**Q** 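What follows is a single structure, and I will ask about it in a moment.
Chain identifiers are assigned alphabetically (A, B, ...) following the order of the sequence lines, protein sequences preceding nucleic acid strands; residue numbering begins at 1 within each chain. Just so it is clear, the structure is predicted and the values come from calculations on it, not from any experiment.
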There are 2 protein chains.
Amino acid sequence: MAEIDIGEVSRRMGIPVSALRFYEQKGLIRSIGRNGLRRVFNTDVIQHLTLIMLGREAGFSLDEIRNMFPLGGKTSIDRGLLSAKAAEIDRTIRRLTSMRNGLQHAAVCPEANHLDCPSFQRILRVVEKRQSARSSRKNSLTDNK
Amino acid sequence: MAEIDIGEVSRRMGIPVSALRFYEQKGLIRSIGRNGLRRVFNTDVIQHLTLIMLGREAGFSLDEIRNMFPLGGKTSIDRGLLSAKAAEIDRTIRRLTSMRNGLQHAAVCPEANHLDCPSFQRILRVVEKRQSARSSRKNSLTDNK
DNA sequence: GCTTGACCTAAAGTAGGCTTTAGGTTGTAG
DNA sequence: CTACAACCTAAAGCCTACTTTAGGTCAAGC
């Protein structure tokens, strides 16, 4: 694999060099060395960054992503973690699907006030169930917190 | 509709009172008045907050949500905006679906190194296409940015 | 009459994810 | 030679979405 500098990585990925340095600092990517003071990257950093961007788009934090796709990952990718994350995305997809359906309906619903629309109310009730589940779990006993 | 105080709203929604005050300040919710210095809410704030939570879960910013579900929305909900947002979610769902498939595959893939797995590479290529589309749009001409 | 709990405000603080700034080092083109 | 682009570092700054802090009001119960 060829060696490229940070500007080339930035150009190929459309990621600012400042973000690349930040990622290196956080341990998400690694340069294979220096040429003077300039970082030298192996071209495989491109694939690794692709995974990172994929994870970002899926809503994972940089810390989570570092665990999902560790450096020197030849041997260390945790398959259990990956399927857990896949399941997490699956739940997100379900939530988004009902949100999308709700919005789509709201956009064409003839009711003047969406809150009067039976179909929209059904969607709200589904969400409210999740809410009340949450609020009974972490019950605020006093002000704030 | 009955009148409730901020603590009741907090309990019903499982949202900290500090967040409720913050939402009011940002114009996402509105109290119908004061009882002394205490806010008084109409119970319909519960439904409005349900919409807000729905939007949060779908990944919209508070500013976006304020536009999607304006206060006094009886007349003013922008249906075009709602279907645009629905379409946005739809694109997100598609991205998440390929991410989930990628992770699911990676979790069971027999290849020691995922980057060697043909099926995983296919997924990466799909993402890379989106990346290069993005990087040619906003092309960094000089250092940083 | 005084403590307590639930409320109030303004302002500062926090975490994540970067960007910007300020100042410095190189390789290369003119 | 020297200008300049492209790189470098450390540290500060920024945005979102809140939370925390510090200090105060008020009604209810003892």
**Q** So, does His48(B) use its side chain to make a donor-acceptor pair with the main chain of Pro70(B) at under 3.5 Å?
**A**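 Side chain of His48(B) to backbone of Pro70(B): no pair is present.
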**Q** Could you tell me the separation between the CD atom of Glu24(B) and the P atom of dC18(D), rounded to a whole number of Å?
**A** 15 Å
**Q** Side chains of Glu24(A) and Ser31(A): do they bring a donor and an acceptor to under 3.5 Å?
**A**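 The answer is yes; a qualifying pair exists.
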**Q** Is it the case that the side chain of Arg66(B) and the backbone of Lys26(B) share a donor-acceptor pair, with hydrogens and angles ignored and the cut-off at 3.5 Å?
**A** yes
**Q** Round to the nearest Å and state the distance from Arg39(B) atom CZ to dC26(D) atom C1'.
**A** 15 Å
**Q** Within the distance-only criterion (no hydrogens, no angle test), does the side chain of His105(A) pair as donor or acceptor with the backbone N or O of Arg100(A) below 3.5 angstrom?
**A**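 Not confirmed, His105(A) side chain does not pair with Arg100(A) backbone.
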**Q** Counting only side-chain N and O atoms of Tyr23(A), is one of them less than 4.0 Å from OP1 or OP2 of dG17(C)?
**A**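 Answer no for this pair, as no side-chain N or O of Tyr23(A) is under 4.0 Å from OP1 or OP2.
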**Q** Nearest whole angstrom, please: distance from the C1' of dA17(D) to the CZ of Arg66(B).
**A**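 Rounded to the whole Å, the gap is 13 Å.
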**Q** Reading DNA chain C from 5' onward, which residue's closest nucleotide shows up sooner: Gln25(B) or Glu8(B)?
**A**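 Whichever sits nearer the 5' end wins; that is Glu8(B).
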**Q** What is the distance, to the nearest angstrom, from the CD1 atom on Ile29(A) to the P atom on dC18(C)?
**A**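 From Ile29(A) CD1 to dC18(C) P: 12 Å.
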**Q** Would you indicate, yes or no, if dA11(C) has its OP1 or OP2 atom less than 4.0 angstrom from a side-chain nitrogen or oxygen of Arg21(B)?
**A**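 Negative; the distance criterion is not met.
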**Q** Any side-chain N or O of Arg56(A) under 4.0 Å from OP1/OP2 of dC18(C)?
**A**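 Result: yes.
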**Q** Between dC7(D) atom P and Phe22(A) atom CZ, what is the distance in whole Å?
**A** 20 Å
**Q** Output the single nucleotide from dC18(D), dC18(C), dA17(D) whose closest atom is nearest the side chain of Ser61(B).
**A** dA17(D)
**Q** Round to a whole Å and report the spacing from CZ of Phe41(B) to C1' of dA6(C).
**A** 14 Å
**Q** Checking Gln104(A) against Ser83(B): is there a side-chain donor and acceptor pair closer than 3.5 Å?
**A** no
**Q** When you measure from the side chain of Arg11(B), which nucleotide among dC7(C), dC8(D), dG17(C) comes out closest?
**A**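 Of dC7(C), dC8(D), dG17(C), dC7(C) is nearest to the side chain of Arg11(B).
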**Q** Could you state the CD1-C1' distance from Ile6(B) to dA6(C), rounded to the nearest angstrom?
**A**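 The answer, rounded to whole Å, is 11 Å.
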**Q** Among the candidates dC7(D), dT9(C), dA6(C), find the nucleotide nearest to the side-chain atoms of Arg38(B).
**A** dA6(C)
**Q** Starting at the 5' end of DNA chain D and moving along, which residue's nearest nucleotide shows up first, Leu37(B) or Asp63(B)?
**A** Asp63(B)
**Q** Consider the side chain of Asp5(B), meaning its heavy atoms from C-beta on, and name the nucleotide among dC7(D), dT19(C), dA6(C) that approaches it most closely.
**A** dA6(C)
**Q** Distance check needed: dC15(D) C1' versus Glu64(B) CD, whole Å only.
**A**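 Taking CD of Glu64(B) and C1' of dC15(D), I get 14 Å after rounding.
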**Q** Start at the 5' end of DNA chain C and walk down; is the nucleotide closest to Lys26(A) or to Gly36(A) reached first?
**A**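 Taking each residue's closest nucleotide, the earlier one in sequence belongs to Lys26(A).
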**Q** It should be established whether Arg34(B) places a side-chain nitrogen or oxygen under 4.0 Å from OP1 or OP2 of nucleotide dT9(C).
**A**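 The answer is yes; a side-chain N or O of Arg34(B) sits under 4.0 Å from OP1 or OP2.
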